[in-house]
There are 2 protein chains.
Amino acid sequence: MNIDTRNTFQPGSPQWWSTQPRERNSSSGRGRPSISFEKIIATALEIVNSAGPQALNMRVLADRLNSGTATLYRHFESKDEILAYVVDRFLGLLLEHKRDLSNLDWRGACFVTATDFYHQLSACPHIIPLLSSQIPVGPNALTLREAWLSMLLDAGFPPSMAASVYTTIAHYVLGFASQLSAGGRISQDTSHHLSQFFDRLDPALYPSTVKIAPQLSNISIDDEFSFGMKLIIHGLDYELNQAKLA
Amino acid sequence: MNIDTRNTFQPGSPQWWSTQPRERNSSSGRGRPSISFEKIIATALEIVNSAGPQALNMRVLADRLNSGTATLYRHFESKDEILAYVVDRFLGLLLEHKRDLSNLDWRGACFVTATDFYHQLSACPHIIPLLSSQIPVGPNALTLREAWLSMLLDAGFPPSMAASVYTTIAHYVLGFASQLSAGGRISQDTSHHLSQFFDRLDPALYPSTVKIAPQLSNISIDDEFSFGMKLIIHGLDYELNQAKLA
DNA sequence: ACCTGAACACCGTTCAAGT
DNA sequence: ACCTGAACACCGTTCAAGT
């Protein structure tokens, strides 16, 4: 736990992103910096992915780059800015692995896209807390959002509904992933402990919890994810028909 | 941003909770401590609610209690333990304000319970990041889970499905609330900035995003929440019928 | 001009001294 | 026995000195 928000990230004033890809001093002729923008972010993402956000501190990052902490501040305003770029680079992975959705209807496309997002998050659980603490507005985030929204518009959702659908699904995936990261730090060990904990509860006090204890902790989290996504898509189907009738 | 997880909370081994309400040295006759367990948690919750988790540090908390930091460690093992109790105390508010659901069917009960939870989170947005970073297993968390699960079982959901439904809705509410807290730090100001940011995007690059920009940032977040909850409940209705037929 | 070691400020935690 | 000021370890950030 231990959420530290000393330097509050202001998602509403995304001061680090321009609407055009920012030209960083990556190889600007004379006086080229010894470490590049890209190299810093790549290294930071490596550290986060392998050891979690708490393992990323400016000293470790600088050391890994054979540099000093102060040098990092020549490239980035703050650690938060670095983390924002790390998140966007992670979202870039989704773009790279994007599947062909052209022969799926919107139901299939929603399911596949959400599931791919979820699986990518499962593969990089350490990214999840970072994603919940900011509204991603980097270039890759924008591209992903655009793809989602245009798919929904093409499927015939009215604009106001497309926005709601996008929000609903995004929140569902993120909410699911959040608990994944909370429970997933040492997941094999953890779920066993959790299951034991629920089993040991007094059945007189918590009859339903005890009854469902095996399901609560042993069911495949992936199956639970699919279950909820199907619920949402089914509900969407209904709403879309209502909207078309109106 | 700036997620600090130095002292990782282990949700699977909830070492601080017993299955019976723990008897703390609140007024144990002789040698009573100058500050009580309850007083510490109440003060910590006040600080978190009014100024956010980042404002809660051991020095501030000790000062507010006219004590020293070391004294806090006579009552709690760590700051994380304090935060876990803060979360459970927050969940206690939900129990206090619980509405009578007896004349609602499960659809209404789901909707009302999820919405009340969501509203309580909106009223205490600073609690949200704490909730996503742990699986609550305190006494109030257990009582709430029990109420949910027994309601679902009573409604005729088979046990395995009740667990999935509980998980789905919990994740949805939390995912929604997460973005609320990410975007909600200075929400009135923030949503204006976000909307400006989306408006200024190049329509050639992000046509759908620009088209939906007003919806994306201006739509009432409460309406979006209701929309998604209705989707889920509608989907549940379908699944429950399927299960009953099988 | 660019880089960076060293310092500063801050915070969780512990310890030894005080009552 | 209980409390707590002071110290320790750690980390984000800055600054002044070095090249």
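The sequence lines fix the lettering, A, B, ..., with proteins before strands; numbering per chain opens at 1. Only heavy atoms go into these numbers, but all of them, side chains included; no hydrogens, no water, no symmetry mates.
Per the geometry, CZ belonging to B/F76 stands 13 Å off P belonging to D/dC3, to the nearest Å. Look at CZ on B/R74: it is 20 Å from P on C/dG12, rounded to the nearest Å. The separation between B/L61 atom CG and C/dT13 atom C1' is 14 Å, rounded to whole Å. D/dT14 atom C1' lies 9 Å from atom OH of A/Y73, rounded to whole Å. Here the P atom of nucleotide D/dG12 and the CG atom of B/N57 are 16 Å apart, to the nearest Å. Separating the CE atom of A/M58 from the P atom of D/dT13 is a distance of 6 Å, rounded to the nearest angstrom. Rounded to a whole Å, the CG atom of B/D80 is 13 Å from the C1' atom of C/dC11. We find that CD1 of B/I47 is positioned 12 Å from P of C/dC11, with the value rounded to whole Å.
In DNA chain C, consecutive stretches of 3 or more Watson-Crick or G-U wobble pairs with both distances under 3.5 Å are given as paired ranges: C:4-8 with D:12-16, C:12-16 with D:4-8.
Where A/T69 and B/R59 each meet DNA chain D at their nearest nucleotide, the meeting point lying more 5' is that of B/R59.
Counting only distance, with no hydrogens or angles, the side chain of B/Y172 and the backbone of B/F225 share a donor-acceptor pair below 3.5 Å. No side-chain donor-acceptor contact under 3.5 Å links B/Q120 to the backbone of B/D116. With hydrogens and angles ignored, the 3.5 Å screen pairs a side-chain donor or acceptor of A/R145 with a backbone N or O of A/P136. Judged by distance alone, with hydrogens and angles left aside, the side-chain atoms of A/K98 form no donor-acceptor pair with the main-chain N or O of A/L144 at under 3.5 Å. Remark: the backbone N or O of A/D63 is not paired with any side-chain donor or acceptor of A/S67 at under 3.5 angstrom.
Each of C/dC15, C/dT13, C/dT4 was ranked by its minimum atom distance to the side chain of A/A70; first place goes to C/dT4. Checked against D/dG12, D/dC3, C/dG12, the side chain of B/T71 finds its nearest nucleotide in D/dC3.
B/L56 comes within contact range of the sugar-phosphate backbone alone, with a heavy-atom separation under 4.0 Å but no base atom that close.
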Donor-acceptor contacts under 3.5 Å from residues 87-97 of chain A side chains, at least two apart:
| unit_1 | atom_1 | unit_2 | atom_2 | d |
| --- | --- | --- | --- | --- |
| A/D88 | OD1 | A/N140 | N | 3.3 |
| A/D88 | OD1 | A/A141 | N | 3.1 |
| A/D88 | OD2 | A/N140 | N | 3.0 |
| A/D88 | OD2 | A/N140 | ND2 | 3.3 |
| A/R89 | NH1 | A/E38 | OE1 | 2.7 |
| A/H97 | ND1 | A/L93 | O | 3.2 |

For residues 42-52 of chain A, tabulate all N or O donor-acceptor pairs below 3.5 Å that involve a side-chain atom, not counting sequence neighbours.
| unit_1 | atom_1 | unit_2 | atom_2 | d |
| --- | --- | --- | --- | --- |
| A/T43 | OG1 | A/K39 | O | 2.7 |
| A/S50 | OG | A/E46 | O | 2.9 |
| A/S50 | OG | A/I47 | O | 3.4 |

